[in-house]
> 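One structure coming up, written as structure tokens, with questions to follow.
The structure displayed is predicted, hence computed values, not measured ones.
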Amino acid sequence: MLDLRYIREHADDVREGARKKRIPIELDKLLALDEESRKLTFRADEIRAEINRRSKEIGKLPPEERSKAGADVNRLKDELKGAEERLRALVDEIKPLHLSIPNVPSKLVPEGKDDTENVEVRREGAVPQFTFKPKDHVELGESLGILDIERGVKVAGTRNYFLKGDGALLERAVLNLAIDTMMARGFTLLSVPVLVRYPAMEGTAYFPGGEEQAYHCEKDDLFLAGTAEVPVTSFHSDEVLAESELPKKYVAWSYCFRREAGAAGKDTRGIYRIHQFQKVEQVIIAPADADLSERFHQEIVGNAEAVLRALELPYRIVEVCGGDLGLSQVRKYDIETWMPSRERYSETHSASMFFDYQARRLKLRYKDAKAGMKFCYTLNNTVIASPRILIPLLECHQQADGSVRIPKALQSYLGGRDVLKPA
RNA sequence: GGAGAGGUGGCAGAGCGGUCGAAUGCGACGCCUUGCUAAGGCGUUGAGCGGAUUACAUCUGCUCCGGGGGUUCAAAUCCCCCCCUCUCCGCCA
């Protein structure tokens, strides 16, 4: 959510930003309604001031004169009631328009209509060249006896899976490597609730709009978060932090739940797109400073890269173009890791920068000694998400004999083993 | 699930229907005292939305004591509904 005053005073930037994001907005209507609402508010304030003034005088009157004076005030109150009713209607009309105004993308965001026009920033690591016919992760998982999709579907329905033995161990190893890397880099580990209330979903800008993607426990009116970003960014909601506490850097491991509504038939093979997965997520709550946010943005991308490098996986960094940016983002990098079976780089990480768009909704503020109350700036990025990351991990490190090499950094998490062999 | 208590400023915590945006304490900030530190003294300090001037500070109006409704000329204070939190008991990983 953008500040209405900002929208008023920077209408051209807002309009241009929405165009760049290919998001239709009704800015003129919003501005006209806002203007009307401000005028009406002013009028209502005047009436209220008069009522307050007279009420105070009545308090000083002898009791027998009070009822007559009160009658005059009641006439004013009738007038006020009318103004308030119109004002309420206006606010109801303004709110959805206001919420649908997208955050203004950075000047650095490239033009483009959708993800096909994202801009590659750079590539790291060599794409593996196989001298044999490589298997995909489903075949590898089965032959190694570590992945069981059939039983996952039997027990939990489509887009579900079991990891078994070394598969489960491998997943745990990857997650632990990610967590340890982040803690070494000064991030505080949080264990978080994933079943959250509406305001957390709304505050992080998943709602309204994303309701169809979230599992809803109706009996308790709670939602299963699709990412730890939701509880972590909400951690300090409704709080006023001291400037000296910032930035807050958190890393959290959590299960993530996504309904994948509307994705029927898409990415159905294997464990690329599933309903439940585990993710280590990094979140930074920063002071309101655009340059600083840019720096943190680079930092959280760098953190994810460190993990990918440790996993010895080839990847590329992509700058997401305007048309592929969400409502709330100022700028976003995706990291795409090479997946041999898909014969392309595919998204494994997403690093978003929001400025105060989330913080404003979450009432996440800090007190600046000089300028007073300010909304924080928030950022987040994946550190690692499993089992999606197991796809490149298994596929890239497979060997001719059907075994899979374990990268050095992972070995200590797997009892020192350097290879997984078929049964 | 049963019973009770409570939701007030950055935090803790008072609050008689009008003089309450709200005592007090802590914290923060400024100044002073002291060789440094520690400690002490004095003072300042809520937020949101408008308006004026046009500066970046000042002045001014309104709203806000969990949320919504009601009573009243006047509500933090009285009434109703909802939400949330805590305590005890029961059940339980």
Side-chain angles (χ1 to χ4, degrees), chain A residues 1-10 30-95 97-99 101 191 193-203 207 216-223 231 234-246 248 255 285 287-289 356 359-376:
Chain A
M1 175 164 62
L2 287 174
D3 186 4
L4 245 180
R5 202 164 18 177
Y6 174 89
I7 295 173
R8 208 146 62 212
E9 288 166 9
H10 303 264
L30 174 61
L31 291 175
L33 290 171
D34 171 55
E35 173 79 23
E36 194 184 341
S37 135
R38 264 163 40 235
K39 277 188 186 143
L40 204 52
T41 301
F42 187 74
R43 176 71 194 128
D45 283 354
E46 283 181 332
I47 300 172
R48 267 191 288 260
E50 182 63 17
I51 291 173
N52 290 344
R53 203 178 55 75
R54 293 203 195 182
S55 289
K56 256 175 204 161
E57 282 169 4
I58 290 173
K60 293 174 198 146
L61 256 41
E64 62 275 12
E65 288 175 36
R66 289 184 181 182
S67 67
K68 194 162 77 72
D72 288 343
V73 176
N74 277 335
R75 273 190 291 279
L76 279 172
K77 281 170 73 180
D78 285 339
E79 192 185 343
L80 179 62
K81 205 167 272 180
E84 282 178 332
E85 256 166 53
R86 270 178 293 147
L87 204 51
R88 226 188 318 266
L90 272 175
V91 169
D92 286 347
E93 212 174 338
I94 288 171
K95 190 166 184 198
L97 289 175
H98 184 190
L99 277 174
I101 300 293
S191 176
V194 289
L195 201 50
V196 300
R197 290 181 176 155
Y198 191 93
M201 297 297 285
E202 184 183 49
F207 291 176
H216 182 198
C217 303
E218 288 183 33
K219 251 187 171 169
D220 302 288
D221 201 20
L222 293 169
F223 301 85
S234 303
F235 188 57
H236 291 291
S237 60
D238 279 309
E239 292 182 26
V240 178
L241 304 171
E243 190 180 18
S244 56
E245 303 178 71
L246 299 177
K248 296 261 190 197
Y255 272 101
I285 297 169
D289 181 314
D356 63 3
R360 189 174 292 280
R361 293 169 168 234
L362 288 167
K363 295 197 189 68
L364 167 49
R365 297 180 294 177
Y366 72 98
K367 206 164 202 171
D368 179 325
K370 291 164 281 287
M373 287 287 183
K374 282 189 174 171
F375 288 102
C376 299

> Please give, in whole Å, the distance from B/A47 C1' to A/Phe375 CZ?
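Those two atoms, CZ and C1', are 10 Å apart.
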> To the nearest angstrom, how far is A/Arg88 atom CZ from B/C49 atom C1'?
17 Å
> Ignoring the backbone of A/Arg197, work out which of B/A74, B/G10, B/U85 is nearest its side chain.
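Nearest listed nucleotide: B/U85.
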> Looking across every strand, which nucleic acid part, if any, lies under 4.0 Å from A/Arg360 by heavy atom: base, sugar-phosphate, or nothing?
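Touches nothing.
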> Taking the C1' atom in each of B/A75 and B/A5, what is the distance between them to the nearest angstrom?
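It works out to 23 Å between them.
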> Are A/Glu84 and A/Arg88 close enough for a salt bridge, meaning some N to O gap below 4.0 Å?
no
> Among B/G10, B/C49, B/C73, find the nucleotide with the atom closest to the side chain of A/Arg5.
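Side chain of A/Arg5 sits closest to B/C49.
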> Test of understanding: with side chain to side chain contact (heavy atoms under 4.5 Å, CB included), list the residues that count as partners of A/Val91, not counting sequence neighbours.
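Residues passing side chain to side chain contact (heavy atoms under 4.5 Å, CB included) with A/Val91: none at all.
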> In whole Å, I'd like the distance from the CD atom of A/Glu35 to the P atom of B/C49.
17 Å
> Taking B/G27 as the reference, what is the distance to B/A12 when you measure between their P atoms (whole Å, please)?
15 Å
> Between B/U60 and B/G66, how far apart are the two C1' atoms, rounded to whole Å?
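Between the two C1' atoms, the distance is 30 Å.
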> Among the candidates B/G18, B/G50, B/C49, find the nucleotide nearest to the side-chain atoms of A/Ile58.
B/G18
> In whole Å, what separates the C1' atom of B/G6 from that of B/U63?
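It comes out at 26 Å once rounded to the nearest Å.
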> Given B/G18, B/G10, B/C49, which nucleotide is nearest the side-chain atoms of A/Ser55?
B/G18
> I want to verify a distance call: between B/G69, B/A47, B/C49, whose nearest atom is closest to the A/Arg365 side chain?
B/A47
> Using whole Å, report how far CZ of A/Arg54 lies from C1' of B/G18.
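One finds 18 Å between C1' of B/G18 and CZ of A/Arg54, rounded.
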> Could you work out the separation of B/U24 and B/G30 based on their P atoms and round it to a whole Å?
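It works out to 22 Å between them.
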> Please report the interatomic distance CG(A/Leu99) to CD1(A/Ile94), rounded to the nearest 0.5 Å.
12.0 Å
> Taking Watson-Crick and G-U wobble pairs with both distances under 3.5 Å, convert RNA chain B into its dot-bracket string, 5' to 3', dots for unpaired and | for cross-strand pairs.
((((((((.[[[..)..(.....]]]((((((.......))))))(((((((.....))))))).[[[[[..)....]]]]])))))))....
> OG/A/Ser55 to CZ/A/Arg48 distance, rounded to the nearest 0.5 angstrom?
13.0 Å
> From B/U85, B/C62, B/G51, pick the nucleotide closest to the side chain of A/Arg48?
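Nucleotide nearest to A/Arg48's side chain: B/C62.
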> Which nucleotide sits closest to the side chain of A/Ala49: B/G61, B/C73, B/G51?
B/G61
> In whole angstroms, how far is the P atom of B/A28 from the CE atom of A/Met373?
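It works out to 16 Å between those atoms.
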> Are any of A/Arg38's side-chain N or O atoms less than 4.0 Å away from OP1 or OP2 of B/G51?
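True: A/Arg38 side-chain N/O within range (under 4.0 Å) of B/G51 OP1/OP2.
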> How far apart are the closest heavy atoms of A/Phe375 and A/Ala359, and which atoms are they?
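What the structure gives for the nearest pair is CD2-O, 3.5 Å.
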> Expressed as a whole number of angstroms, how long is the span from A/Lys39:NZ to B/A52:P?
12 Å
> Could you give the distance separating B/A22 and B/A76 at their P atoms, to the nearest angstrom?
12 Å
> Would you kindly give the CD-to-P distance between A/Glu245 and B/A28, to the nearest whole Å?
12 Å
> 5'-most contact on RNA chain B: A/Leu4 or A/Asp45, nearest heavy atom basis?
A/Leu4
> Between atom CG in A/Leu76 and atom P in B/C62, what is the gap in whole Å?
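Result: 14 Å.
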> For B/G46 and A/Lys367 - does any side-chain N or O of the residue sit under 4.0 Å from the phosphate oxygens OP1/OP2?
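No, A/Lys367 has no side-chain N/O under 4.0 Å of OP1/OP2 on B/G46.
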> How long is the gap from CG on A/Asp289 to CG on A/Leu246, to the nearest 0.5 Å?
11.5 Å
> Say we look at B/C16 and B/A74: how far apart would their C1' atoms be, to the nearest angstrom?
15 Å
> What interatomic distance, in whole Å, is found between C1' of B/U85 and the corresponding atom of B/G67?
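These two C1' atoms come out 15 Å apart once rounded.
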> Any idea which heavy atoms bring A/Lys374 and A/Ala288 closest together, and the distance?
CD-CB, 4.2 Å
> If you pin A/Asp34 and A/Asn52 to their nearest nucleotides in RNA chain B, which one's is more 5'?
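Closest to the 5' end, via its nearest nucleotide, is A/Asp34.
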> With sequence neighbours left out, write down each residue that passes side chain to side chain contact (heavy atoms under 4.5 Å, CB included) with A/Asn52, or none if nothing qualifies.
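With neighbours one apart ignored, the set is empty.
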> Between A/Arg54 and A/Glu50, is there a side-chain N and carboxylate O pair less than 4.0 Å apart?
yes
